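Reading through the structure tokens given below for one structure.
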Amino acid sequence: MTTINIKSASREDLVDITREVADAIPPDGDGVAVLFTQHTTCGLTINENADPDVRHDILLFLKNTIPQFYDGFRHFEHNSDAHLKASLMGSSVIVPFENGKLLLGTWQGVYLCEFDGPRTRSVIVKILR
Ligand code: ZN
């Protein structure tokens, strides 16, 4: 098991961790990398890494759809929006690899989805072969 530590830069942020994931897999192996985060206000996803506007638009849509302050939210930390967004994105992704290379599509990257930063997050990488 490997742990990737990531520093997010703002309350909401999509941090590209593709390189860190690539570094966590065996250099010549075949298998599957299971990425899992133990946090409750961040998630993981795979999406486009070519046009940064895609990241912007994902965050904008989530922010507009799930506002931080919503009439009726009761959670005392006032970050229920972050918990909701984290559940929508999910706390794990699976990436297959072959000959030490991630089998991501040309335009795909792996992202940590920060919804209650900035702070340091960790992602567990478990290799199954
Ligand atoms: Zn909370």
Side-chain angles (χ1 to χ4, degrees):
M1 186 190 88
T2 307
T3 301
I4 298 171
N5 295 306
I6 303 120
K7 275 192 176 148
S8 57
S10 53
R11 183 167 194 270
E12 301 193 338
D13 196 7
L14 291 186
V15 185
D16 189 339
I17 60 167
T18 310
R19 183 181 304 165
E20 288 83 350
V21 176
D23 288 346
I25 64 171
D28 55 357
D30 293 4
V32 163
V34 178
L35 279 60
F36 180 74
T37 183
Q38 296 176 312
H39 306 288
T40 61
T41 55
C42 72
L44 294 166
T45 196
I46 295 174
N47 215 301
E48 170 154 343
N49 67 356
D51 180 1
D53 283 345
V54 172
R55 279 190 274 174
H56 169 272
D57 292 353
I58 290 171
L59 289 175
L60 177 72
F61 183 82
L62 288 171
K63 192 179 192 131
N64 287 341
T65 307
I66 309 172
Q68 182 177 3
F69 300 102
Y70 181 84
D71 191 28
F73 276 172
R74 290 163 46 167
H75 181 42
F76 69 98
E77 288 183 315
H78 302 296
N79 64 352
S80 288
D81 65 311
H83 290 288
L84 280 161
K85 291 165 192 162
S87 273
L88 282 177
M89 301 308 269
S91 51
S92 64
V93 294
I94 292 173
V95 188
F97 59 91
E98 207 168 71
N99 299 320
K101 276 199 70 175
L102 297 172
L103 295 178
L104 289 167
T106 306
W107 310 114
Q108 286 184 319
V110 183
Y111 291 95
L112 176 101
C113 312
E114 176 63 80
F115 298 117
D116 198 22
R119 63 170 94 183
T120 300
R121 302 293 200 172
S122 58
V123 174
I124 291 169
V125 183
K126 184 81 178 168
I127 302 298
L128 307 179
R129 307 175 76 164

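No hydrogens, no waters, no symmetry mates; every other heavy atom, side chains included, goes into these values. Note that the numbering runs from 1 along the sequence shown for the chain. For clarity, every value in this text was computed on a predicted model and none was experimentally measured.
A 6.0 Å sphere centred on CZ of Arg19 holds no more than 12 heavy atoms belonging to other residues, nucleotides or ligands.
Nearest heavy-atom pair, Ala24 versus Val125, reported as atom, atom and distance to 0.1 Å: CB-CG1, 4.0 Å. Shown here for Ser91 and Leu44, the closest heavy-atom pair between the two residues is O-CD1, 3.6 Å. The two residues Thr106 and Asn49 make their nearest non-hydrogen contact at O-OD1, 4.2 Å. Taking every heavy atom of both residues into account, Ala86 and Cys42 meet most closely at CB-O, 3.5 Å. Nearest heavy atoms, Gly43 versus Met89: CA-CB, 4.4 Å. Contact detail for Pro67 and Thr65: the closest heavy-atom pair is CD-O, 3.5 Å.
Listed by first and then second residue, the ring-ring contact (aromatic ring centres under 6.0 Å, His included) pairs that reach into residues 60-88 are Tyr70-Phe73, His75-His83, sequence neighbours excluded. Residue pairs meeting the ring-ring contact (aromatic ring centres under 6.0 Å, His included) criterion with at least one partner in residues 103-129, sequence neighbours excluded, do not occur; the list is empty.
Between the side chain of Asn99 and the main chain of Lys101, no donor-acceptor pair closer than 3.5 Å is present. Here the side chain of His39 pairs no donor or acceptor atom with the backbone of Arg121 at under 3.5 angstrom. A distance-only check finds no donor-acceptor pair linking the side chain of Asp13 to the backbone of Ser8 [under 3.5 Å]. Using modelled atom types, no side-chain atom of Ser80 and backbone atom of Arg74 make a donor-acceptor pair closer than 3.5 Å.
Put simply, CD on Gln38 and CD1 on Ile124 are 3.5 Å apart, with the number rounded to the nearest 0.5 Å. Here the CD1-CG distance, from Ile25 to Asp30, works out to 9.5 Å after rounding to the nearest 0.5 Å. How far CG of Asn5 is from OG1 of Thr120: 7.5 Å, rounded to the nearest 0.5 Å. Annotation: the span from Ile66 atom CD1 to Leu88 atom CG amounts to 5.0 Å, rounded to 0.5 Å. Between the SG atom in Cys113 and the CG atom in Leu62 there is a gap of 8.5 Å [rounded to 0.5 Å]. Atoms CG and CD1, from Asp23 and Ile4 in turn, are 8.0 Å apart once rounded to the nearest 0.5 Å.
Ion pair Arg55/Glu48 not flagged as a salt bridge, since none of the NZ, NE, NH1 or NH2 atoms sits closer than 4.0 Å to an Asp/Glu carboxylate oxygen.
With hydrophobic clusters built from ILVMFWY side chains whose heavy atoms lie under 4.5 angstrom apart, Leu104 does not share a cluster with Val54.
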Problem - Steps toward side-chain contact (heavy atoms from CB on, under 4.5 Å) verdict (Leu112, Leu14) - result: CA-CA 6 Å; Leu112 176 101; Leu14 291 186; over 6 Å; no
Practice task
Please assess Leu59 against Lys63 for the test side-chain contact (heavy atoms from CB on, under 4.5 Å), listing each intermediate value before the final yes or no.
Solution key: CA-CA 6 Å; Leu59 289 175; Lys63 192 179 192 131; over 6 Å; no
Practice task
Carefully, step by step, assess Arg11 and Glu114 under the rule side-chain contact (heavy atoms from CB on, under 4.5 Å).
Solution key: CA-CA 7 Å; Arg11 183 167 194 270; Glu114 176 63 80; over 6 Å; no
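For the side chain to side chain contact (heavy atoms under 4.5 Å, CB included) test with Val95, the passing option among Thr18, Ile46, Val34 is Ile46; the others fail. For the pairing with Val123, the side chain to side chain contact (heavy atoms under 4.5 Å, CB included) check across Thr2, Ile6, Val15, Thr3 returns one residue only, Ile6.
Within the 4.5 Å cutoff, no side-chain heavy atoms of Ile94 are placed close to those of Leu35.
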